[in-house]
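Data block below; observations after.
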Amino acid sequence: MRLILLGAPGSGKGTQAALLQEKLNIPHISTGDIFRSNIKSGTELGKLAKCYIDKGMLVPDSVTIDLVKDRLRQPDCNNGFIMDGFPRTIPQAEYLENALKEMGMHVDAALNIDVPDEVIISRISGRRICPACGMSYNVVSNPPRTEGICDSCGGRVVHRDDDKEETVVNRLKVYHEQTEPLIKFYEARGKLKTVDGQGSVEESSKRVFKVLGIE
Ligand code: AP5
Ligand code: MG
């Protein structure tokens, strides 16, 4: 399956992608995670991305598209992928459509995880992530089994630098202006599926699996 996850920051894309990856055994590609791992290891890409991410702005399309182009060439993408956080602009969506067409492929579904802005702000304030493997937790709704320690890899979980409230407000504004139009883009192509992302992680996951026909 070639799946795209749409949804505001904090809607649960990363959380659902991890569950989908386990279920479908296809790679979870998060452009945000790739940028964060480059920031951590101090690469040129990381330095550039950090200037934008810390302000809650999008990294320029040319940079992000080159990164995804390389990632899609990896052999683990041959049987499908879960794209989390890409595309995020119309030019990125057009690039992906054309790149897949050239490979004789297409997106099977664009899944929009729908969560109101008020819920987003409170979720993000409680989020903790594992910088080593990218797993996402929440101190209130989805804590790790041992406080402060990642269930998946044993790393120490931390607060994300761009999760400060003023940055989150800007990320939401950018989402509404630049990414929300993708809902219509995929609807026009008959690929859009929308799920309510409120309630618990398990409830959202049940809806996601159902709408994708993979219960
Ligand atoms: P990115 O890392 O993609 O961030 P984002 O889109 O802002 O999304 P988040 O990761 O914040 O949220 P999520 O939807 O994954 O939610 P999560 O599952 O963690 O991008 C970061 C930055 O990189 C961007 O701002 C941009 O600068 C740059 N970038 C990335 N891609 C780009 C692109 N294509 N083009 C240009 N720039 C790009 O859940 C959130 C919290 O809620 C967690 O604490 C979780 O435990 C909790 N939670 C999840 N589901 C539930 C539930 N059902 N009930 C209760 N709590 C829940
Ligand atoms: Mg995420």
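For the numbers below, each heavy atom of this structure counts, side chains included, while hydrogens, waters and symmetry mates do not. All ligand and atom numbering here is 1-based and tracks the order in the structure.
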- Task: Taking all non-hydrogen atoms of both residues into account, name the closest pair between D161 and K164 and its distance.
- Result: O-NZ, 3.5 Å
- Item | For ligand 1, the residues whose heavy atoms come within less than 4.0 Å (ordered by chain, then number) | A8, P9, G10, S11, G12, K13, G14, T15, T31, G32, F35, R36, I53, M57, L58, V59, T64, G85, F86, R88, Q92, R123, R127, S136, Y137, N138, S141, N142, R160, D162, R171, G197, G199, S200, V201, S204
- Message: Would the distance check show the side chain of R123 and the main-chain N or O of S11 forming a donor-acceptor pair, the cut-off being under 3.5 Å?
- Response: yes
Output a table of donor-acceptor pairs, distance under 3.5 Å, between side-chain atoms of residues 18-32 and any protein atom two or more places apart or on a different chain; print 'none' if there are none.
| unit_1 | atom_1 | unit_2 | atom_2 | d |
| --- | --- | --- | --- | --- |
| K23 | NZ | I214 | O | 3.2 |
| H28 | NE2 | D84 | OD2 | 2.9 |
| S30 | OG | G32 | N | 3.4 |
| S30 | OG | D33 | N | 2.9 |
| T31 | OG1 | G85 | O | 3.1 |

- Residue list, salt bridge (Lys or Arg N to Asp or Glu O under 4.0 Å) with E97, at least two apart or on another chain: R189
- Spatial distance of atom CD (Q16) from atom CZ (R207) [nearest 0.5 Å]: 9.5 Å
Residues 98-115, side-chain donor-acceptor partners within the protein, below 3.5 Å, at least two apart:
| unit_1 | atom_1 | unit_2 | atom_2 | d |
| --- | --- | --- | --- | --- |
| N98 | ND2 | E94 | O | 3.2 |
| D108 | OD2 | R2 | N | 2.7 |

